Chemist: 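Got a structure here, written out as structure tokens. Questions coming.
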Amino acid sequence: MDQKLAYYEIKDQVAIVTMDHPPMNALDAATKEAVAEVFRELDERRQEIRVVILHGAGEKAFAAGADIKTFLELTPDTARRRLFRSHQIYSIVENFQWPVIGAIHGFCLGGGLELALCCDIRYAEETARFGFPEVNLSVFPGNGGIARSLFHLSLGKLKELVFTGEIISATDALALGLIEKIVSPGKSMEACFSLAERMIEKGPLGIAAAKKVINRARDLSIPQGLELETELWANLTATEDMKEGARAFIEKRKPQYRGR
Ligand code: CO8
């Protein structure tokens, strides 16, 4: 296939990553590998960017989940291998150095919602639809959706969504804490871009360190979290940007951050 399943462009220090597997951006192995390859290339070009926006091509979906058409061939062994690789790829997105914003339109279901939960922040169009419909197929969210949802949903709400496979509106997703903002239809990219611009003005190394602390704090005790905060905060004092921030404040001017 010549058409790439995922690709990116860089515009004003924002990398826009597009998943493009028509019609629903179903996440088969090849599409997930294409996403991994894009993030590998972005990592090589990390000095050129400050924020990533992840979205789905086409009118219909951010991503409607794993590719069900590949499920018939799965065995316990192949599923184990695919899930292991899938978990690696989702973690690459989740732990990318710079903030990753999900721009969501249309269906965001199953593995698609699980991928959206790897983004740091999610803005969705009011027509977007969310859910974990896996029980319709007699499986459950296996790409980390359960583990990650626990930081957004109450246990009862998570079980309600997972046990019924119910598809919910953007308004309900916002109320539950699955997304951070609702925007008008067709406006998710614009809204994410303006969020990105607000971050780009700030000290990038401070944001990257904060992301590391927030992501890792979930797995740490409070004393371990404080230790990590101390380490990463102290390391920032060795950067030019940290001194520039303080100097600009004292000199009453806008800081010029260079990411070093
Ligand atoms: N996989 C493959 N094809 C899909 C998927 C999908 N997830 N979703 C939609 N399609 C295809 C349809 O088969 C159809 O194809 P065709 O035109 O060739 O018949 C086309 O997209 C359009 O779909 P519909 O005609 O169904 O469109 P509707 O607007 O009527 O409905 C829905 C849209 C509600 C999104 C519906 O298509 C649907 O329910 N899709 C399935 C959603 C789903 O169940 N997702 C969860 C999948 S399981 C999962 O994600 C768990 C991950 C665990 C990891 C596994 C790794 C091994």
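Note that the numbering runs from 1 along the sequence shown for the chain. Computed from a prediction, not measured in an experiment: that's the story for all the values here. Just so you know, ligand 1 is whichever comes first in the structure, and atom 1 is the first atom listed for that ligand.
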Chemist: Using a strict cut-off of 4.0 Å, indicate which atoms of ligand 1 neighbour a heavy atom of Leu109.
Modeler: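 The list of qualifying atoms is 35 (C), 42 (C).
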Chemist: If you count the non-hydrogen atoms of other residues, nucleotides and ligands that lie under 6.0 Å from CD in Gln88, is the total more than 12?
Modeler: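 Counting other residues, nucleotides and ligands, CD of Gln88 exceeds 12 neighbours.
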Chemist: Closer than 4.0 Å and a protein heavy atom, does any atom meet both conditions relative to atom 35 (C) of ligand 1?
Modeler: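 Flag for atom 35 (C) of ligand 1 set to true, protein heavy atom closer than 4.0 Å.
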Chemist: Which residue and non-hydrogen atom of the protein lie closest to atom 54 (C) of ligand 1, and at what distance in Å?
Modeler: Asn143 ND2, 3.3 Å
Chemist: Taking distance alone, with N or O pairs closer than 3.5 Å, would you say Pro141 contacts ligand 1?
Modeler: no
Chemist: With Glu134 as reference, evaluate Val139, Leu109, Ile68 under the side chain to side chain contact (heavy atoms under 4.5 Å, CB included) test and give the passing residue.
Modeler: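 It is Val139, the one option of Val139, Leu109, Ile68 that forms the side chain to side chain contact (heavy atoms under 4.5 Å, CB included) with Glu134.
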Chemist: Before you tell me yes or no, could you show the steps for Lys243 and Glu240 under salt bridge (charged side-chain N to carboxylate O under 4.0 Å, His left out), namely the whole-Å CA-CA distance, both residues' side-chain angles and the distance that decides it to 0.1 Å?
Modeler: CA-CA 5 Å; Lys243 306 294 179 202; Glu240 276 177 34; over 6 Å; no
Chemist: With a 4.0 Å cut-off, would you call Arg46 and Asp43 a salt bridge?
Modeler: yes
Chemist: Suppose we measure from atom 22 (C) of ligand 1 to each protein heavy atom; which comes out shortest, and what is that distance?
Modeler: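 Here the closest protein heavy atom is Met24 CE, 3.8 Å.
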Chemist: Please report which non-hydrogen protein atom sits nearest to atom 2 (C) of ligand 1, along with the residue it belongs to and the distance in Å to one decimal place.
Modeler: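 The answer is Asp67 OD1, 3.1 Å.
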Chemist: Could you say whether the N/O atoms of Gly110 and ligand 1 ever approach to under 3.5 Å?
Modeler: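 Between Gly110 and ligand 1, no N or O pair is found under 3.5 Å apart.
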Chemist: Which option wins on minimum heavy-atom distance to atom 6 (C) of ligand 1: Ala66, Ser86, Gly65?
Modeler: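 The nearest heavy atom belongs to Ala66.
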Chemist: List every atom of ligand 1 that sits less than 4.0 Å from any heavy atom of Pro23, numbering the atoms from 1 in the order shown and giving each element.
Modeler: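 What qualifies from ligand 1 is 20 (C), 21 (O).
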Chemist: Which residue owns the protein heavy atom closest to atom 41 (C) of ligand 1, what's the atom, and how far is it?
Modeler: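 Answer for atom 41 (C) of ligand 1: Ile68 CD1, 3.5 Å.
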Chemist: Under 4.0 Å from atom 48 (S) of ligand 1, is there at least one protein heavy atom?
Modeler: yes
Chemist: Relative to the heavy atoms of Gly111, which atoms of ligand 1 are at a distance of less than 4.0 Å?
Modeler: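 Here the atoms of ligand 1 in question are 49 (C), 50 (O).
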Chemist: Is there a protein heavy atom at a distance of less than 4.0 Å from atom 52 (C) of ligand 1?
Modeler: yes
Chemist: Pull out every atom of ligand 1 sitting under 4.0 Å from any heavy atom of Ala26, numbered as shown with elements.
Modeler: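 Those atoms are 1 (N), 2 (C), 6 (C).
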Chemist: Look at Lys157 together with Glu160 and state whether they make a salt bridge at an N to O cut-off of under 4.0 Å.
Modeler: yes
Chemist: Any non-hydrogen protein atom below 4.0 Å of atom 17 (O) of ligand 1?
Modeler: no
Chemist: Check Ile200, Asp120, Leu195 against Pro99 for a side chain to side chain contact (heavy atoms under 4.5 Å, CB included) and give me the one that passes.
Modeler: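 Among Ile200, Asp120, Leu195, the one meeting side chain to side chain contact (heavy atoms under 4.5 Å, CB included) with Pro99 is Asp120.
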Chemist: Count the heavy atoms belonging to other residues, nucleotides or ligands that lie under 6.0 Å from CZ of Phe249, then report whether that count exceeds 12.
Modeler: no
Chemist: Using the rule side chain to side chain donor-acceptor pair (under 3.5 Å), only one of His55, Lys4, Gln3 pairs with Asp20; which is it?
Modeler: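 With Asp20 as partner, His55, Lys4, Gln3 yield a single side chain to side chain donor-acceptor pair (under 3.5 Å), made by Gln3.
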Chemist: Look at atom 30 (O) of ligand 1 and say whether a protein heavy atom is found at less than 4.0 angstrom from it.
Modeler: no
Chemist: Suppose we measure from atom 8 (N) of ligand 1 to each protein heavy atom; which comes out shortest, and what is that distance?
Modeler: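 Nearest neighbour among protein heavy atoms for atom 8 (N) of ligand 1, to 0.1 Å: Ala64 CB, 3.8 Å.
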Chemist: Would Arg258 and Glu244 satisfy salt bridge (charged side-chain N to carboxylate O under 4.0 Å, His left out), going step by step from the backbone distance to the final call?
Modeler: CA-CA 9 Å; Arg258 296 198 158 77; Glu244 166 64 9; 5.9 Å; no
Chemist: Taking atom CD of Glu251 as the centre, report whether more than 12 heavy atoms of other residues, nucleotides or ligands fall under 6.0 Å from it.
Modeler: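 Yes, the 6.0 Å shell around CD holds more than 12 heavy atoms from other groups.
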Chemist: Got the closest protein heavy atom to atom 44 (O) of ligand 1, with its distance?
Modeler: Pro133 CG, 3.5 Å
Chemist: For Lys211, is the NZ atom crowded, meaning more than 12 foreign heavy atoms sit under 6.0 Å from it?
Modeler: yes
Chemist: For atom 24 (P) of ligand 1, is there a protein heavy atom at a distance under 4.0 Å?
Modeler: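 No.
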Chemist: Would you compute the distance between atom CG of Asn215 and atom CZ of Phe96 and round it to the nearest 0.5 angstrom?
Modeler: 13.0 Å
Chemist: Would you say atom 38 (C) of ligand 1 touches the protein, meaning some protein heavy atom is under 4.0 Å from it?
Modeler: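 No, there is no protein heavy atom closer to it than 4.0 Å.
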Chemist: We want to know whether Arg45 and Tyr8 form a side-chain donor-acceptor pair, criterion being a heavy-atom distance below 3.5 angstrom.
Modeler: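 Tyr8 and Arg45 do have a side-chain donor-acceptor pair below 3.5 Å.
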Chemist: Closest non-hydrogen protein atom to atom 57 (C) of ligand 1, residue and atom name please, with distance?
Modeler: Arg82 CB, 3.9 Å
Chemist: With a 4.0 Å cut-off on heavy atoms, does Leu83 reach ligand 1?
Modeler: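 So Leu83 counts as touching ligand 1.
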Chemist: Identify, for atom 13 (O) of ligand 1, the protein heavy atom at the shortest distance, and state residue, atom and that distance.
Modeler: Lys69 NZ, 3.3 Å
Chemist: Please test Trp98 against Leu42 for side chain to side chain contact (heavy atoms under 4.5 Å, CB included), starting from the C-alpha separation and ending with a verdict.
Modeler: CA-CA 10 Å; Trp98 305 124; Leu42 290 178; over 6 Å; no
